[in-house]
2 protein chains.
Amino acid sequence: MSTAAARHQRLHAELRSRICLLDYPPGTRLSETALADEFGTSRTPLRRVLARLEDEGLVESRHGVGTLVTDVDLARMEQVYGLRLHLAELVGHLDPAPVTAEVLAGIAGYVARGTALVASPDARSFAQLNMDYHGFGLSLTDNLPLRSTAERLYFLTARIWLQSIPRMDLASECAIFLSEMQDTAAALATGDTQAAAAIRRTHIAMSVTRMAR
Amino acid sequence: MSTAAARHQRLHAELRSRICLLDYPPGTRLSETALADEFGTSRTPLRRVLARLEDEGLVESRHGVGTLVTDVDLARMEQVYGLRLHLAELVGHLDPAPVTAEVLAGIAGYVARGTALVASPDARSFAQLNMDYHGFGLSLTDNLPLRSTAERLYFLTARIWLQSIPRMDLASECAIFLSEMQDTAAALATGDTQAAAAIRRTHIAMSVTRMAR
DNA sequence: GCAGTCAGAGTTGTACACAACAGTCTAGCT
DNA sequence: AGCTAGACTGTTGTGTACAACTCTGACTGC
């Protein structure tokens, strides 16, 4: 693989992570020159990354003003959630991946991380774990376009939970999350990816209703 | 709207159309300088467009070689079709748009174009009509992410029909297409967008099985 | 005759200088 | 005092020169 494409992927994932973990809160002005300087490159390859983030709806470049992190609210994102629910369900029906020992080891690891999170709740750790866990959930299907589509939509809504957590009970959210992972582990132990996908779907739906309060 | 963004949209739509109508068959080497010259701009804005097309999977840039139109075959695209089927169905369930007089006028127009197509069948005209009609079908939902996602996946598979038509019966395909549009017109006349979406879904599915032969 | 090598053309990737633009602050006039 | 014009600063968008890379083909040595 060419190093240029690899660097592009790295920068894209890094900036996307910063945006979705609210290191760059909505409205933040990202400086192309500052970022290029930080990553030891010129503006040109960096603009390639920002362009992709703009196509994905995470930033918005305005001539003469700056590159602004987009603002998101639950109302505008409800359409995305409506679609995400169905896609989560589809993971269990469209080219489901065989449940290998590797998969079982993966879910066990997430249960462990979830247990640790419940022991010492932290909003940012929750968000990071949720992000990683979403990637794991996508690995349950071999349907590549489904994966990339669901990923795209996930990162579009990922920030909302962190924005809403001040109005919610963090400890309770962590416990619910761990509970979901445990249920998923049980489903995967029997090789039932459909059940795992259904669990994910209902979890997302309930999470939305809790945030909407 | 800034003229820069507008031009970007224009060039993107134009190149995408050329690729999906096989003006640029798979494997074609697109020259950045030649395209920049044709559109009266420099390589920089044009590369922005090509980057987007690459993210969408329609072209692939290789350093020192060129920007190649991607190759697609039905086998690799079956995953995309599997997803498209469900999304087509969702158009009728997720934020369905009210059936206005404008919508009815739209479908009537497409039936007319379909009738003309049956009168004098032509592969390229079919493909163009199919492309426009797909956009119309998306207008039946107000769910924006569903629209953009379905559009993205459509253009990923749009070329396959034109590639397969030499092994199929063009007149028969045109008749089937017209029949679908007439059924859709009847469904929309009763305000039943769910039925319209279901018709679209079954049509896509049957089209795939015919192409697979 | 054949294989290896090297030079050349053509391409995309990168860096940088400059143009275009938006917002702000100040100076000057009324 | 208030208001307007204009310069100034900082940003993104564009153009262009050059670097990095791939492939081809001819040439040279054996």
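We name chains A, B, ... by the order of the sequence lines, and we start the count at 1 in each one. None of the values given here were measured: they were computed from a predicted structure.
- Residue pairs meeting the salt bridge (charged side-chain N to carboxylate O under 4.0 Å, His left out) criterion with at least one partner in residues 79-101 of chain A, sequence neighbours excluded, are A:Glu89-A:Arg201.
- Under the salt bridge (charged side-chain N to carboxylate O under 4.0 Å, His left out) criterion, B:Asp122 pairs with no residue, sequence neighbours left out.
- Using cut-offs of 30° and 60° on the angle between ring planes, the pair A:Phe136 and A:Tyr110 is tilted.
- Whole-Å rounding puts the A:Arg48 CZ to D:dT12 C1' distance at 18 Å.
- Going from atom CD of B:Glu60 over to atom C1' of D:dT22 covers 14 Å, rounded to whole Å.
- By the salt bridge (charged side-chain N to carboxylate O under 4.0 Å, His left out) test, B:Asp37 pairs with no residue at all, sequence neighbours left out.
- Counting only residues at least two apart or on different chains, no salt bridge (charged side-chain N to carboxylate O under 4.0 Å, His left out) pair has a member in residues 57-74 of chain B.
- For residues 74-103 of chain A, no residue pair satisfies the ring pair (Phe, Tyr, Trp, His ring centres under 6.0 Å) rule, not counting sequence neighbours.
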Identify all side-chain donor-acceptor contacts of residues 22-33 of chain A below 3.5 Å with residues at least two apart in sequence or on another chain.
{"unit_1": "A:Asp23", "atom_1": "OD1", "unit_2": "A:Arg124", "atom_2": "NH1", "d": "2.8"}
{"unit_1": "A:Asp23", "atom_1": "OD2", "unit_2": "A:Arg124", "atom_2": "NH2", "d": "3.3"}
{"unit_1": "A:Tyr24", "atom_1": "OH", "unit_2": "A:Arg18", "atom_2": "NH1", "d": "2.8"}
{"unit_1": "A:Thr28", "atom_1": "OG1", "unit_2": "A:Pro25", "atom_2": "O", "d": "2.4"}
{"unit_1": "A:Ser31", "atom_1": "OG", "unit_2": "A:Thr33", "atom_2": "OG1", "d": "3.0"}
{"unit_1": "A:Ser31", "atom_1": "OG", "unit_2": "A:Ala34", "atom_2": "N", "d": "3.2"}
{"unit_1": "A:Glu32", "atom_1": "OE1", "unit_2": "A:Arg43", "atom_2": "NE", "d": "2.9"}
{"unit_1": "A:Glu32", "atom_1": "OE1", "unit_2": "A:Arg43", "atom_2": "NH2", "d": "2.8"}
{"unit_1": "A:Glu32", "atom_1": "OE1", "unit_2": "A:Arg47", "atom_2": "NH1", "d": "3.4"}
{"unit_1": "A:Glu32", "atom_1": "OE2", "unit_2": "A:Arg47", "atom_2": "NH1", "d": "2.8"}

Every protein N/O lying under 3.5 Å from an N/O of nucleotides 8-10 of chain C:
{"unit_1": "C:dG10", "atom_1": "N2", "unit_2": "B:Gly64", "atom_2": "O", "d": "3.1"}

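- Heavy atoms of A:Leu30 sit under 4.0 angstrom from primed sugar atoms or phosphate atoms, though from no base atom.
- Residues satisfying the salt bridge (charged side-chain N to carboxylate O under 4.0 Å, His left out) test with A:Asp142, not counting sequence neighbours, are A:Arg147.
- Distance, B:Leu35 CG to C:dT12 P: 9 Å, rounded to whole Å.
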- Message: For a quick check, with a 4.0 angstrom heavy-atom cut-off, what is the B/S/- contact string for nucleotides 13-18 of chain C, read 5' to 3'?
- Response: BBBB--
